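Being a predicted model, the structure only gives us computed values, none of them experimental.
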Amino acid sequence: MPIPISEADRGLRARIEEEARAAGFQALAVTRPDAIPLAAARLERFIALGHHGGMDWLARNADRRGNPLALWPQARSVVMLALSYAPEADPLDALAVKDRAAISCYAKGRDYHDIVKPGLKRVARLIAALTGAGVKVFVDTAPLLEKPLAAAAGLGWQGKHTNLVSRRLGSWFFLGAILTTAELAADTPESDHCGSCRRCLDICPTDAFPAPYQLDARRCIAYLTIEHAGHIDRSFRAAIGNRVFGCDDCLAVCPWNKFATAAHDQRLAARTQTDNPPLADLLAMDDVAFRERFRGTPVKRTGRDRIVRNALIAAGNSSDATLLPNIERLLDDPAAIVRAMAVWALARLAGRSRFEELRPGRLGSESDPDVRREWQDWP
């Protein structure tokens, strides 16, 4: 039987929700730190299958991630907040403009950490002031499983693409968490409303979902273009298309997005130089130019070499021969991951004769085995 909520509790909740709205959040819900008992085993299986790829920190902190009380044993409540970044236009339209880089819509504005964390601190300060309790805030940089906690709190449910889905916000929102020693009334978990729909699974260009509700990050374009530090396997390159940072496909086709309203918060507005820039601009970037173009955005954290690597894959998929001068220049780049993709893009755009012309000299001077392999194997 549900525990009755007192008038004092309702008043406290109303004050907290009011502060959350003032801080820019669209939704707030509360759960207990022990509300995700199955999360640890699921994470353990994900890692055992190798589905985390090169994200070794998931394995290192697995024992703490599955239990918020491992982070803070005194915590009694978890306040989960959502901040929408719903795009005004369909982000999949960018995939048809092959000479431009498709950048995931969440990364076109300011780094969300710089927006969500101050908002969390504002709400946490109010909780502390009203209750006298301790508070700690988290924005995906600590070993905390935000999505299962948000589902337990009732903000939404984890869809078949493993991301959180909300009946109000669709698939487009950031999560933040406040752990507190205050005893706050918990909300009811949301039930799964995916039904028989499998649009998110069917649209994935690289078949990154072995089954509904399961993700193999090693096949995910978002992982490959952002987290993966090495060479990208040939089997994925054509499917990447012009996606240079992230992939919005599985999120964009979710039917629940029809209830999401576009986020008009100017803090999340796309910057002109970040909004699907020309591939030629990205191929010409040195580290200084990269830092200037992507300053203050999530893209900057990935680093120049990976972004240029990704831009070369996009160039190879573009059919745009005007990019060849930039591509040939990058055959001498200091970064092996850049040189390797320059070889692949050259072969795709210049054709066999130019490739064969350059190959003997390049093989003679190239020491990296992966780059040599690109020269030796015609795409």
Rounded distance [0.5 Å steps], OG in S367 versus CZ in R339: 6.5 Å

Name the atoms and distances for all side-chain donor-acceptor pairs under 3.5 Å in residues 228-236, with sequence neighbours left out.
unit_1 : atom_1 : unit_2 : atom_2 : d
H228   : NE2    : H231   : O      : 2.8
D233   : OD2    : S235   : N      : 2.9
D233   : OD2    : S235   : OG     : 2.6
R234   : NE     : E374   : OE1    : 3.4
R234   : NH1    : D377   : O      : 3.4
R234   : NH2    : E374   : OE1    : 3.0
R234   : NH2    : D377   : O      : 2.8

Shortest non-hydrogen pair, A177 vs M80, comes out as CB-SD, 3.5 Å

Starting from L215, walk the hydrophobic network (Ile, Leu, Val, Met, Phe, Trp, Tyr; side-chain heavy atoms closer than 4.5 Å) and list everyone else you reach, by chain and number. L201, F209

What distance separates L155 CG from Q26 CD, expressed to the nearest 0.5 Å? 11.5 Å

Please test N310 against F245 for side-chain contact (heavy atoms from CB on, under 4.5 Å), starting from the C-alpha separation and ending with a verdict. CA-CA 8 Å; N310 302 341; F245 186 90; 5.8 Å; no

So, the side chain of R15 versus the backbone of L12: is there a donor-acceptor pair under 3.5 Å, distance only? no

Nearest heavy atoms of A124 and I178, plus distance in Å: N-CD1, 3.8 Å

Could you check whether any side-chain heavy atom of W375 comes within less than 4.5 Å of a side-chain heavy atom of L346, counting everything from C-beta outward? yes

For K117, look at atom NZ and say whether over 12 heavy atoms of other residues, nucleotides or ligands are found less than 6.0 Å away. no

Within 6.0 angstrom of R301 CZ, more than 12 heavy atoms from elsewhere: yes

Decide yes or no on side-chain contact (heavy atoms from CB on, under 4.5 Å) for R243 and D249, but give the supporting numbers first. CA-CA 10 Å; R243 300 170 185 85; D249 295 39; 2.8 Å; yes

Between L358 and R354, is any pair of side-chain heavy atoms under 4.5 Å apart? yes

Do side-chain atoms of Y223 reach the backbone of G54 as a donor and acceptor pair under 3.5 angstrom? yes

Would you call V288 and E292 a side-chain contact if the rule is heavy atoms closer than 4.5 Å? no

The criterion is ring-ring contact (aromatic ring centres under 6.0 Å, His included); which residues satisfy it with W157, sequence neighbours excluded? H193, W256

Under 3.5 Å, is there a donor-acceptor pair between the side chain of R218 and the main chain of G53? no

Spacing of CG belonging to L144 relative to CG belonging to N67, to within rounding of 0.5 Å: 10.0 Å

Atom CD of Q158 and atom CG of D192: how far apart are they, to the nearest 0.5 Å? 10.0 Å

Non-hydrogen atoms of S166 and F173 that approach each other most closely: CB-CE2, 3.8 Å

Do any N or O atoms from the side chain of N242 and from the backbone of V97 form a donor-acceptor pair under 3.5 angstrom? yes

Counting distance only, does the side-chain N/O of R304 pair as donor-acceptor with the main-chain N or O of D286 below 3.5 Å? no

Identify every side-chain donor-acceptor pair in residues 16-24 under 3.5 Å, counting partners at least two apart or on other chains, and give the distances.
unit_1 : atom_1 : unit_2 : atom_2 : d
E17    : OE2    : R13    : NE     : 2.8
E17    : OE2    : R13    : NH2    : 3.4
E19    : OE2    : R122   : NE     : 3.0

Holding to ring-ring contact (aromatic ring centres under 6.0 Å, His included), I want the full list of residues that pass it with F290, two or more places apart in sequence or in another chain. F294

Take V343 and L331 through the side-chain contact (heavy atoms from CB on, under 4.5 Å) test and state the conclusion after the steps. CA-CA 7 Å; V343 177; L331 294 171; 3.8 Å; yes

Salt-bridge test for R362 and E366: reply yes if a basic N is under 4.0 Å from a carboxylate O, no otherwise. no

V308 vs D333, side-chain contact (heavy atoms from CB on, under 4.5 Å): CA-CA, chis, key distance, verdict: CA-CA 10 Å; V308 175; D333 195 84; 5.7 Å; no

Scan side-chain atoms only and decide if R348 and N317 contain a donor-acceptor pair under the 3.5 Å cut-off. yes

Quick one: CZ on R45 to CG on L43, what's the gap to the nearest 0.5 Å? 12.0 Å

Backbone N or O of L251 within a donor-acceptor pair of the N257 side chain at under 3.5 Å? yes

Any side-chain to backbone donor/acceptor pair from T297 onto D111? Under 3.5 Å, distance only. no

Atom CG in L120, atom NE2 in H113: separation rounded to 0.5 Å? 11.0 Å

Side chains of V78 and P33: does their closest heavy-atom pair fall under 4.5 Å? yes

Checking one residue: L92. Which other hydrophobic residues are in its cluster under the side-chain 4.5 Å linking rule? L95, I203, V253

Donor-acceptor pair, side chain of R110 and main chain of I115, under 3.5 angstrom: no

Kindly say whether G246 contributes a backbone atom to a donor-acceptor pair with the side chain of T225 at under 3.5 angstrom? yes

Determine yes or no for a side-chain-to-main-chain donor-acceptor pair under 3.5 angstrom, with K98 supplying the side chain and D320 the backbone. no

Parallel, tilted or perpendicular for Y112 and F174, by the 30°/60° rule? parallel

